[in-house]
Amino acid sequence: VQLVESGGGLVQAGGSLRLSCASSGRTFSSYAMGWFRQAPGKEREFVAAISWNGGRTYYADSVKGRFTISRDNAKNTVYLQMHSLKPEDTAVYYCAAGSYTDVVMSTPSSWGQGTLVTVSS
């Protein structure tokens, strides 16, 4: 499955941003989806996961209560709504697809190319 992220940009601390990830193909609804991020000089880390029908979600402790993952299977799109952004949220954000377990375990089968989010202090 091909994944294309959008919605990144520059935002002030405390602000909000919504990322989107569009998928091609007719199998989007069969995949769990996830968001990951990689800050400069750091390893890529898990951010959030959502099951194929949106019934289960899971978040990294660092974003819990501030970020919300959602999906629209009719539009083949997964979203990451981010509120109360902090400078430490600055990273390239990637969406990914796979089984729910694989996404939560950070071993999804497909990756997008990433979108940069910069949070200024």
Side-chain angles (χ1 to χ4, degrees):
V1 59
Q2 290 187 323
L3 305 170
V4 179
E5 301 93 336
S6 61
L10 175 64
V11 62
Q12 289 188 333
S16 299
L17 207 58
R18 189 177 81 157
L19 305 182
S20 300
C21 173
S23 172
S24 61
R26 294 175 287 180
T27 59
F28 176 79
S29 61
S30 66
Y31 289 98
M33 300 295 296
W35 286 96
F36 296 77
R37 66 186 182 185
Q38 187 168 19
K42 295 187 177 182
E43 293 187 354
R44 186 156 51 187
E45 64 176 2
F46 169 82
V47 174
I50 188 166
S51 60
W52 68 274
N53 63 352
R56 286 187 294 174
T57 57
Y58 183 71
Y59 296 92
D61 287 343
S62 59
V63 306
K64 202 172 295 182
R66 299 188 298 121
F67 291 10
T68 301
I69 188 171
S70 61
R71 66 188 297 161
D72 185 338
N73 286 344
K75 295 182 178 179
N76 283 7
T77 302
V78 62
Y79 305 97
L80 185 68
Q81 179 68 56
M82 304 183 292
H83 294 298
S84 302
L85 283 161
K86 306 174 182 179
E88 51 263 45
D89 294 318
T90 294
V92 177
Y93 284 71
Y94 300 88
C95 73
S99 71
Y100 188 76
T101 298
D102 284 347
V103 172
V104 170
M105 296 301 291
S106 299
T107 56
S109 53
S110 299
W111 294 92
Q113 85 290 346
T115 186
L116 177 62
V117 173
T118 303
V119 184
S120 63
S121 57

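The model shown is predicted, which means the values in this text are computed figures rather than measured ones.
- For CD of Gln38, the number of neighbouring non-hydrogen atoms (other residues, nucleotides, ligands) closer than 6.0 Å is greater than 12.
- Take Tyr58 and apply the ring pair (Phe, Tyr, Trp, His ring centres under 6.0 Å) test, not counting sequence neighbours, and it matches Phe46.
- The minimum heavy-atom distance linking Ser110 with Leu3 is given by the pair O-CD1, 3.8 Å.
- Pairs engaging residues 38-67 under the disulfide (SG to SG under 2.5 Å) rule: none recorded [sequence neighbours left out].
- Listed by first and then second residue, the disulfide (SG to SG under 2.5 Å) pairs that reach into residues 31-64 come to none, sequence neighbours excluded.
- Closest approach of Ala96 to Pro108, counting heavy atoms only: CB-CG, 3.4 Å.
- Legend: disulfide (SG to SG under 2.5 Å) pairs involving residues 37-78, not counting sequence neighbours: none detected.
- The salt bridge (charged side-chain N to carboxylate O under 4.0 Å, His left out) analysis of residues 109-121, with sequence neighbours excluded, yields no pairs.
- Arg18 pairs by the side chain to side chain donor-acceptor pair (under 3.5 Å) definition with nothing, not counting sequence neighbours.
- To the nearest 0.5 Å, the span separating OG on Ser29 from CG on Asn76 amounts to 7.5 Å.
- Of the possible polar contacts, one joining the Ser109 side chain to the Ala97 backbone as a donor-acceptor pair under 3.5 Å is found.
- For the atom pair Ser23 OG and Met33 CE, the distance stands at 6.0 Å (nearest 0.5 Å).
- Residues Asn73 and Phe28 come closest through the heavy atom pair OD1-CE2, 3.1 Å.
- Pairs of residues two or more places apart, or lying in two chains, that qualify as side chain to side chain donor-acceptor pair (under 3.5 Å) and include a residue from residues 41-56 are Arg37-Glu45, Ser51-Asn53.
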Inset, instruction - Report the C-alpha separation of Phe36 and Val92 in whole Å, then their side-chain angles, then the decisive distance to 0.1 Å, and conclude whether the side-chain contact (heavy atoms from CB on, under 4.5 Å) test is met. - result: CA-CA 8 Å; Phe36 296 77; Val92 177; over 6 Å; no
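- Here the CZ atom belonging to Arg71 is positioned 12.0 Å from the OG1 atom belonging to Thr57, to the nearest 0.5 angstrom.
- Residues Met82 and Val63 share a hydrophobic cluster, clusters being chains of Ile/Leu/Val/Met/Phe/Trp/Tyr side chains in contact below 4.5 Å.
- Of the inter-residue distances, the one linking Leu19 atom CG with Gln81 atom CD reads 8.5 Å to the nearest 0.5 angstrom.
- A donor-acceptor pair under 3.5 Å links the side-chain atoms of Tyr59 to the main chain of Ile69, judged by distance alone.
- Residues passing the side chain to side chain donor-acceptor pair (under 3.5 Å) test with Gln113 are Glu5, sequence neighbours excluded.
- Within the structure, ring-ring contact (aromatic ring centres under 6.0 Å, His included) contacts touching residues 77-103 (residues at least two apart or in different chains) do not occur.
- A salt bridge does not link Lys86 with Asp89: none of the charged nitrogens is closer than 4.0 Å to a carboxylate oxygen.
- Note: the hydrophobic cluster containing Trp111 also contains Val103 (ILVMFWY, side chain heavy atoms under 4.5 Å, direct or indirect links).
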Name every donor-acceptor pair, under 3.5 Å, that has one atom in a side chain of residues 114-121 and the other anywhere in the protein, sequence neighbours excluded.
from: Thr115; atom 1: OG1; to: Gly8; atom 2: N; distance (Å): 3.2

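- Under the disulfide (SG to SG under 2.5 Å) criterion, the residue pairs touching residues 12-102 are Cys21-Cys95, with sequence neighbours excluded.
- Residues satisfying the side chain to side chain donor-acceptor pair (under 3.5 Å) test with Ser99, not counting sequence neighbours, are Asp102.
- With hydrophobic clusters built from ILVMFWY side chains whose heavy atoms lie under 4.5 angstrom apart, Tyr31 shares a cluster with Ile50.
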